[in-house]
Protein chains: 2
Amino acid sequence: MKTVLHGGCGETATELHTDCHKVIMPVRDALDVISGKWKLPIIIAVSRGHKRFRDIERSIPKITSKVLSKELKDLEAHKLVKRTVYDSQPVSVEYTLTAYADTLDSVINALQQWGLQHRKKIIGK
Amino acid sequence: MKTVLHGGCGETATELHTDCHKVIMPVRDALDVISGKWKLPIIIAVSRGHKRFRDIERSIPKITSKVLSKELKDLEAHKLVKRTVYDSQPVSVEYTLTAYADTLDSVINALQQWGLQHRKKIIGK
DNA sequence: GTAACCAGTTACCTTAAAGTAAGTGCTTTA
DNA sequence: TAAAGCACTTACTTTAAGGTAACTGGTTAC
């Protein structure tokens, strides 16, 4: 995993630019972690109680095991998801959200609300 | 532009899945519109008062005119940005946010806040 | 009159994300 | 004992996003 934080640019910054960058940089940092088609859907699925690999897979339309496997590893590396192996018979694996993932709640809520009204706007016209 | 809304999947839905999809689908609808490296940075730049093409270009580190041109068209198609041509001498072009784009405020704020604390967490360790 | 600014466009190329399909090793159920 | 479930992996291909660089056609400032 590459962890990137977005820093300044090489240019002479005007007041407007400086102000602007103060918003753009953190937003890009956040997008680096959560953007892509699958990361938020996976976080949502796990937060709703889907803990097992196949269970998560079934709860997210169209996802494949290959993609799920890869994204879960990314999320684990970002400390958003915890993977626990229980050596029962047979061995079972559980994925849970970390406390850190809970801090994404406001982001998910904002996106959900916006997505809902966007859908209404699209359908309603 | 393709406008996609995420609908149900073909499977028999359990209670958990139904609940889960109610969150996943709108989030994916929202991500379809705003994800990618450049859309939110552009919206932020325009909202901060950068109206002219070259001005926006300069305010966003590393963006190129090709990408900016394409993304502005996308945003216009999604009714988030308005392009106005003034036939002064020489002709000037201005980009402004629509009222609809203002509804993204809570999304941008949530991402900015999360990005800031994420940056602190990464640097602080 | 030439250099620079504006608002882009064009062609080409690289990389990363995602999709397709099949297979692995293990276990439990019918 | 054959089928199906679990948790994945591997190999290959397609698609989309983004980057590089040059160029257009107009305008204005030096």
Whole-Å distance separating the [atom1] atom of [X] from the [atom2] atom of [N]:
{"X": "A:Lys51", "N": "D:dC6", "atom1": "NZ", "atom2": "P", "answer": "17 Å"}
{"X": "B:Leu31", "N": "C:dA17", "atom1": "CG", "atom2": "P", "answer": "15 Å"}
{"X": "A:Tyr86", "N": "D:dC6", "atom1": "OH", "atom2": "P", "answer": "17 Å"}
{"X": "A:Asp32", "N": "C:dA17", "atom1": "CG", "atom2": "P", "answer": "10 Å"}
{"X": "B:Lys37", "N": "D:dA16", "atom1": "NZ", "atom2": "C1'", "answer": "14 Å"}
{"X": "A:Ile60", "N": "C:dG19", "atom1": "CD1", "atom2": "P", "answer": "12 Å"}
{"X": "B:Asp55", "N": "C:dC5", "atom1": "CG", "atom2": "P", "answer": "14 Å"}
{"X": "A:Asp87", "N": "D:dC6", "atom1": "CG", "atom2": "C1'", "answer": "16 Å"}

With a 3.5 Å distance limit and no angle check, can you tell me whether A:Thr98 reaches the backbone of A:Lys79 through a side-chain donor-acceptor pair?
yes

Would the distance check show the side chain of B:Gln117 and the main-chain N or O of B:Trp114 forming a donor-acceptor pair, the cut-off being under 3.5 Å?
yes

May I ask you to evaluate whether B:Arg52 reaches the phosphate of C:dC6, defined as a side-chain N or O under 4.0 Å from OP1 or OP2?
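B:Arg52 to C:dC6 OP1/OP2: no side-chain N or O under 4.0 Å.
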
Does a side-chain N or O of B:Arg58 approach OP1 or OP2 of C:dC6 to a distance below 4.0 Å, or not?
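Checking C:dC6 against B:Arg58, a side-chain N or O does come within under 4.0 Å of OP1 or OP2.
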
Which letters describe nucleotides 8-13 of chain C, given B = protein heavy atom under 4.0 Å from base, S = only from sugar-phosphate, - = neither?
BBBB--

Path from A:Ile24 to B:Leu116 over hydrophobic side-chain contacts below 4.5 Å:
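Cluster IDs for A:Ile24 and B:Leu116 differ.
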
Report yes or no: do A:Val85 and A:Leu68 belong to one cluster of Ile/Leu/Val/Met/Phe/Trp/Tyr joined by side chain heavy-atom distances under 4.5 Å?
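Yes: a chain of side-chain contacts under 4.5 Å links A:Val85 to A:Leu68.
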
Using salt bridge (Lys or Arg N to Asp or Glu O under 4.0 Å) as the criterion, point out the one residue from A:Lys121, A:Lys120, A:Arg119 that pairs with B:Asp29.
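Passing option: A:Arg119.
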
If you measure only the distance, is there a donor-acceptor pair under 3.5 Å linking the side chains of B:Tyr100 and B:His78?
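Distance-only check fails for B:Tyr100 and B:His78.
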
Report, one pair per line, the protein and nucleotides 25-30 of chain C atoms (nitrogen or oxygen only) whose separation is under 3.5 Å.
residue	atom	partner	partner atom	Å
C:dT28	OP1	A:Gln89	O	3.4

Contacts under 3.5 angstrom, residues 32-43 of chain B side chains, donor-acceptor by atom type, not counting sequence neighbours:
residue	atom	partner	partner atom	Å
B:Asp32	OD2	B:His6	NE2	2.8
B:Ser35	OG	B:Leu31	O	2.9
B:Lys39	NZ	B:Glu71	OE1	3.2

From the options D:dA7, C:dA18, D:dG19, select the nucleotide whose nearest atom is closest to the side chain of B:Val67.
D:dG19

Between NE2 of A:His21 and CZ of B:Arg48, what distance do you get to the nearest 0.5 Å?
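Atom-to-atom, A:His21:NE2 and B:Arg48:CZ are 11.5 Å apart.
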
Under-4.0 Å salt bridge between B:Glu57 and B:Arg54:
yes

